[in-house]
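What follows is a single structure, written as C-alpha cells, with notes after it.
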Amino acid sequence: MAQQRVLPQSKETLLQSYNKRLKDDVKSIMDNFTEIIKTAKIEDETQVSRATQGEQDNYEMHVRAANIVRAGESLMKLVSDLKQFLILNDFPSVNEAIDQRNQQLRALQEECDRKLVTLRDEVSIDLYELEEEYYSSSSSLCEANDLPLCEAYWRLDLDTDSADGPSAPLLASPEPGTGPLQSAAPVHSHVGGPGSTEHT
C-alpha cells in the first residue's frame with residue numbers, strides 16, 4: 001500500500017473544504033427526498049381544508065425537488081474541481097504515470113531491437129548460402145559469365161588488348177609536322193604499272 005504523502009497546508013485545507021461540500025450535498029439530497037416521501041402521506045382531517053393542504057404539499061415538493069437538483073449540480077461541480085485539482089497539483093502521480101509509460105516504451109524498443117538483430121542474422125545466413133550456391137554451381141566451367149563481375153571485366157579487357165596489340169600503331173594519329181600516315185604493312189608493287197620493276 002502506498003504511503004500517504006504530506007500535503008501543504010493550503011492543499012490540505014482545500015481538500016477538507018471539498019469533503020465538507022460532499023457531505024453537505026449528500027445530506028441535502030437525503031433530507032429533501034425524505035421530506036417528499038413524508039408529504040405523500042395522507043393525514044387526518046385538520047383545520048386546513050384538503051385543497052389548501054394539497055396546494056401547500058405541492059409547493060413544498062417543488063421546492064424540495066429544486067433543492068435536490070441544486071445539490072446534484074453542486075456534486076457535479078465538486079467532481080470537476082477534484083479533477084482540476086488532481087491535474088494541477090498531483091505531480092507525483094503524473095510523474096509516476098510518465099515513468100510507467102517510459103518503461104513500456106523502452107521494453108517495446110528493446111523487443112524491436114532484438115527482432116531486428118535476429119532478422120539481420122537470418123538474412124546474412126541466407127545470403128551467404130545463396131552466394132556459395134551461386135559460385136560453386138559453375139566454378140568448374142570457368143567462364144566469364146560465371147565469374148564475378150570485376151574479374152570477368154578484367155579478363156575481357158585483357159583479351160581485347162591482346163587482340164588489338166599488333167594493329168595498335170595503325171590507330172595512332174599523326175603528330176603535327178610529320179608526313180602522311182604510313183602503314184606498317186609491306187607495300188605490294190603493281191605489275192605493269194608506272195615505275196614498276198621487271199623481273200627477269
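The structure places CE of M61 at 6.0 Å from CD1 of I36, a figure rounded to the nearest 0.5 Å. Going from atom CD of E131 over to atom OG of S136 covers 11.5 Å, rounded to the nearest 0.5 Å. Within the model, atoms CZ of R101 and CG of L105 stand 4.5 Å from one another, a figure rounded to the nearest 0.5 Å. If you take CG on L14 and CG on L82, they are separated by 8.5 Å, rounding to the nearest 0.5 Å. Rounding to the nearest 0.5 Å gives a distance of 9.5 Å between CG of N19 and CG of D24. One finds the OH atom of Y59 at 12.0 Å from the CD atom of E55 (value rounded to the nearest 0.5 Å).
Counting non-hydrogen atoms of other residues, nucleotides and ligands closer than 6.0 Å to CD of Q84 gives a total of 12 or fewer. Within 6.0 Å of atom CZ in F33, 12 or fewer heavy atoms from other residues, nucleotides or ligands are found, so the atom counts as exposed in its surroundings.
In the hydrophobic cluster analysis, where Ile, Leu, Val, Met, Phe, Trp and Tyr join through side-chain heavy atoms closer than 4.5 angstrom, L22 is grouped apart from V79. Hydrophobic clustering places I37 together with I29 (ILVMFWY residues linked when any side-chain heavy atoms are closer than 4.5 Å, directly or through intermediates). Linking Ile, Leu, Val, Met, Phe, Trp and Tyr whenever their side-chain heavy atoms come within less than 4.5 Å puts F85 and L75 in one cluster. Using a 4.5 Å cut-off between side-chain heavy atoms of Ile, Leu, Val, Met, Phe, Trp and Tyr, with links allowed through other members, I68 and V26 fall into the same hydrophobic cluster.
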Worked check of side-chain contact (heavy atoms from CB on, under 4.5 Å) between M30 and K27
CA-CA 5 Å; M30 291 296 297; K27 185 175 183 299; 5.8 Å; no

Could you please spell out the steps behind the side-chain contact (heavy atoms from CB on, under 4.5 Å) verdict for R120 and L116?
CA-CA 6 Å; R120 182 199 63 185; L116 288 174; over 6 Å; no

Would you sort out whether E35 and D31 count as a side-chain contact (heavy atoms from CB on, under 4.5 Å), showing the intermediate values?
CA-CA 6 Å; E35 292 299 326; D31 292 343; 5.6 Å; no

After noting the C-alpha distance and the side-chain angles of Y128 and E132, does the key distance pass the side-chain hydrogen bond (donor to acceptor under 3.5 Å, both in side chains) rule?
CA-CA 6 Å; Y128 180 76; E132 282 191 343; 2.6 Å; yes

Apply salt bridge (Lys or Arg N to Asp or Glu O under 4.0 Å) to E60 and R64, showing your working.
CA-CA 6 Å; E60 182 179 357; R64 293 192 179 280; 3.2 Å; yes

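Salt-bridge formation is detected for the pair D81/R21: a Lys NZ or Arg NE/NH1/NH2 atom is positioned less than 4.0 Å from an Asp or Glu carboxylate oxygen. Between K115 and E111 there is a salt bridge, since a side-chain N of the basic residue sits under 4.0 Å from a carboxylate O of the acidic one. Ion pairing between a basic and an acidic side chain is recognised when a charged N comes within 4.0 Å of a carboxylate O; K77 and E73 show no such pairing.
Residues D25 and S74 approach most closely at OD2-OG, 2.6 Å, considering heavy atoms.
Under a 3.5 Å cut-off, the side chain of N58 and the backbone N or O of G54 do not form any donor-acceptor pair. Between the side chain of N32 and the backbone N or O of S28, at least one donor-acceptor pair lies under 3.5 Å.
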